Amino acid sequence: MERNEMDWTAARHSAAHVLAAAVLRLFPGVKLDIGPATATGFYYDFDHTFTAADLPAIEEEMKKIIAADLPIVRREVDREEARELFSRQPYKLERLADIPGGESIFVYSLGGFDDLCRGPHVASTGRIGAVKLLSIGGAYFRGSEANRQLQRIYGTAFPTEEELRRHLERLEEAKLRDHRRLGRELRLFTIDPAVGLGLVLWLPRGTVIRQELQKFIAAELDRQGYEQVVTPHIAQLELFRRSGHFPYYRDAQFEPIVDRENLDRSLTYGELAGELESGQRSGFLIKPMNCPGHIQIFSSSPRSYRDLPCRLAEFGTVYRWEQSGELGGMTRVRGFTQDDAHVFCTEEQLGGEIQGCLALVRKIFLTLGMGDYRVRIGLRDPASGKYIGDGAAWAKAEAALRREVAKLGIPSREEVGEAAFYGPKIDFVVNDVLGREWQLGTVQVDYNLPARFALSYTGPDNRPHTPVLIHRAPFGSLERFCGLLIEHFGGDFPLWLAPEQLRILPISDDLTEGAEAIAQSLREKSLRVKVDGHSEPLGAKIRRAEVERVPCVAVFGRREVETGTLSIRSRICKALEGSRTAEEFAILLSREIAQRTLPDGFPGR
RNA sequence: GCCGGGAUAGCUCAGCUGGUAGAGCAACGCAUUCGUAAUGCGUGGGUCGUGAGUUCAAUUCUCAUUCCCGGCUCCA
């Protein structure tokens, strides 16, 4: 069956209605909210507690409704009629009240089940195809935490069973790439509750990847004229009060610390917290962001326009109090290291500097073959009180971002309410294997913090001027970026990132010593090499190396000893395969590493 | 934080309706010395997440709690 995107959406939307109809058949009296189509399926929200055990029966009922090929009929009703129709459905009545007066009200009917709905739908249930219910989750009514929580049932629908089966297979394959699973299997990182929720322990193999990424960035920083700095993990609470972090985002921060000299043990913890908050008592804050430290570095010496742009970079570790239910793997954590930098520049330099930042983000994505991202321009929500500064500064910053993104010539989308509290931003957003969106690289323009900190430089007119501040982090954070990179490569990292680049497999134990000597000679050429010294047949060693995603293995047996070679096999780079001496191989491998070649068959290679 | 589900060996899991635990892989030992994805035999390893309660008896039932998972909300 041919079906365009419109029809897909309509069919899945109809599947949501069928879901609601099936639920009502099995659970009469359940209150319904709404059920739209999503990018890959559909859901419906109910005011009833379902468990996973209910899904098969509901799915069976849905299949009966689909098999019956019931017509789906639209009719227009007036408000009174609608109120009558949904008199026992309180959520429907609220949704009805959302429809502005004068707008048409439509009801879709399907085998005696009426739903308030704008449509569109397919003509009859038989046109929905193959359906599958996937999961149950909670969802707040109208998406607001202040409202009652409903139960959401997720499902998906495809024109044919075959397409559905393929989709479910893809979901299973995606789970194999989940960075939490691969992180454990490949010994990259761990999260230990004894250390703390959302606090990542980087294992030796993961640390290699992290450090290679840092080296990559550091080289680009040198090229773009950045200077690296180091700032402390805590700072005076006053500093963050001045920046605005403390009052504006204190819910997302670890509580302030009272130092020994300021501690009054006769007060309760609550009283101390109150005095810290009001400023009566001084204390320290574990830094939620690096900007104040970099700002203090900028203002630590007088600046001339000749010194600008001043580009300060730091792999800065920050800590944020994410709610417990939001934590997961490496993509959402409480302590993370940003590849952060702050560029202090003149108004005239702003456009060029933004371009420099965007170029860096794009270079990273290109190098890693990450073509599947979208660009978001995050604007402030003027109705919200969580932003600092005046409208004029915001307007200028927003205009600058729009202008520079337009020059890139790549599609972008503006989203209100996605700005940082001090300025608008350009974000690079990617999906994980499970389809969830994550913000990685970010470039933000800020007129507010320079004013709050009274930053200045001396202009050619010998008068003080306020610089513009760009905040930027091309990876976003090393934790999140690595997490997504693990999934992106499915554990098969390019050679330059691979924790172990080569494993030498001696065919018998008496060759282990010789293999170790070769390994050592290659390590001295800065290659990451290990020897598999298990007393096992070659097949077992090959298998272990493959399972552990070691990109290159070298078989080392009598033949190799006689010819002075290694027999190379690679799962990601066929060009490296064959029999050659360790020296020849080292040259080839080093070249692939230096060029940061992507794995064979990788899109973007 | 909220709704729902879960937690048994390092990993993946089994363990009807209560009678203090098993498998495969991994680890370790011995034998084997092998030619491109699993050599054989053996050994060790668990206060069944934690704490209470019910019971003669709890991995199993109840409650609390911690952590994990799926959603939601949030994400400077």
Side-chain angles (χ1 to χ4, degrees), chain A residues 43 45 47 49-54 134-154 175 178 180-181 184-185 187 190-194 196-197 240 243-245 248-253 287-291 318 320-329 331-334 336 338 378 380 386-388 417-423 425 427 434 436-439 442 444 446 449 471 473 476-477 480 505-512 534-548 553-560 567-569 571 577:
Chain A
Y43 66 80
D45 289 348
D47 189 0
T49 303
F50 295 101
T51 69
D54 295 324
L134 298 172
S135 61
I136 300 175
Y140 294 106
F141 179 57
R142 281 194 218 274
S144 168
E145 221 173 344
N147 292 334
R148 183 182 175 82
Q149 199 156 41
L150 307 174
Q151 292 289 119
R152 177 172 294 177
I153 298 181
Y154 284 93
K175 282 186 196 150
D178 190 316
R180 290 166 297 189
R181 179 190 180 116
R184 185 184 59 239
E185 290 177 352
R187 289 165 288 156
T190 187
I191 294 173
D192 183 349
L197 303 190
F240 293 99
S243 68
H245 290 100
Y248 280 85
Y249 280 95
R250 69 160 308 177
D251 287 350
Q253 290 159 190
K287 66 176 173 181
M289 289 186 89
N290 301 303
C291 353
V318 298
R320 299 182 187 175
W321 189 258
E322 305 291 352
Q323 295 188 74
S324 56
E326 295 160 349
L327 300 170
T331 41
R332 194 74 185 271
V333 292
R334 284 188 174 153
F336 54 94
Q338 300 178 304
R380 79 172 166 158
K386 64 173 195 175
Y387 303 99
I388 58 169
E418 290 292 333
F421 78 91
Y422 44 70
K425 53 185 192 158
D427 292 325
L434 301 174
R436 297 176 290 206
E437 281 202 331
W438 297 101
Q439 176 199 311
T442 182
Q444 311 167 356
D446 176 10
L449 292 183
H471 309 242
S477 84
R480 180 175 290 180
L505 314 181
I507 280 185
S508 57
D509 287 355
D510 55 321
L511 296 170
T512 303
H534 290 80
S535 293
E536 280 174 329
L538 180 61
K541 295 186 183 188
I542 299 241
R543 180 183 149 77
R544 183 173 20 247
E546 295 283 344
V547 167
E548 293 180 8
V553 297
V555 173
F556 186 63
R558 305 234 171 272
R559 265 202 313 267
E560 285 70 27
S567 175
I568 308 294
R569 161 184 170 128
R571 51 187 281 119
E577 295 199 326

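Letters A, B, ... are given to chains in the order of the sequence lines, protein chains preceding strands, and every chain is numbered from 1. This structure is a prediction, so every number in the text was calculated from the model and none was measured.
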Separation of B:U12 atom C1' from A:E185 atom CD, nearest Å, is 10 Å
In whole angstroms, the gap separating C1' of B:G5 from CG of A:L134 amounts to 16 Å
Any strand, both distances under 3.5 Å, Watson-Crick or G-U wobble: B:A76 pairs with none
When rounded to whole Å, the CZ to C1' distance for the pair A:R187 and B:A27 reads 12 Å
Partner of B:A7 under the Watson-Crick or G-U wobble criteria, both distances under 3.5 Å, comes out as B:U66
Item to complete: Classify the side chain of A:D510 and the base of B:U33 as holding, or not holding, a donor-acceptor pair under 3.5 Å.
Response: no
Between A:T49 and A:R184, whichever has its closest RNA chain B nucleotide further toward 5' is A:T49
Q: Report the C-alpha distance between A:R181 and A:K175 in whole Å, list the side-chain angles of each, state the deciding distance to 0.1 Å, and finish with yes or no for side-chain contact (heavy atoms from CB on, under 4.5 Å).
A: CA-CA 8 Å; A:R181 179 190 180 116; A:K175 282 186 196 150; 5.6 Å; no
Only residue of A:Y422, A:F421, A:Y387 satisfying ring-ring contact (aromatic ring centres under 6.0 Å, His included) with A:Y249 is A:F421
Review point. So, do A:E560 and A:P506 sit near enough that their side-chain heavy atoms are less than 4.5 Å apart?
Key: no
Re B:U59: Watson-Crick or G-U wobble partner, both distances kept under 3.5 Å, found to be none
Per salt bridge (Lys or Arg N to Asp or Glu O under 4.0 Å), A:E548 is matched among A:R543, A:R571, A:K541, A:R187 by A:R187
5' to 3', nucleotides 36-50 of chain B under a 4.0 Å protein heavy-atom cut-off (B base, S sugar-phosphate only, - none) gives BBBB-----------
Using Watson-Crick geometry (N1-N3 plus N6-O4 or O6-N4) or G-U wobble (N1-O2, O6-N3), each under 3.5 Å, B:G42 is paired with B:C28
Under a 3.5 Å limit on both distances, the Watson-Crick or wobble mate of B:U54 is none
Using Watson-Crick geometry (N1-N3 plus N6-O4 or O6-N4) or G-U wobble (N1-O2, O6-N3), each under 3.5 Å, B:G18 is paired with none
Decide side-chain contact (heavy atoms from CB on, under 4.5 Å) for A:Q439 and A:E418; before the verdict, give the C-alpha distance in whole Å, the side-chain angles of both, and the deciding distance to 0.1 Å.
-> CA-CA 11 Å; A:Q439 176 199 311; A:E418 290 292 333; 5.6 Å; no
Paired to B:A37 by Watson-Crick or G-U wobble criteria (both distances under 3.5 Å) is none
Exercise. Please state the P separation for the pair B:G24 and B:U20 - nearest whole angstrom.
Key: 22 Å
In 5'-to-3' order, the base (B), backbone-only (S) or no-contact (-) status of each nucleotide in nucleotides 63-76 of chain B, using a 4.0 angstrom heavy-atom cut-off, is ----SSSBBBBBBB
Does B:A27 have its OP1 or OP2 closer than 4.0 Å to a side-chain nitrogen or oxygen of A:H534? yes
Carboxylate-amine/guanidinium contact A:D510 A:R558, below 4.0 Å
yes
The single option from A:E322, A:Q323, A:R436 that satisfies side chain to side chain contact (heavy atoms under 4.5 Å, CB included) with A:R332 is A:E322
Quote, to the nearest angstrom, the C1' distance that separates B:A21 from B:C48. 8 Å
Answer for the Watson-Crick or wobble partner of B:A23, both distances under 3.5 Å, is B:U12
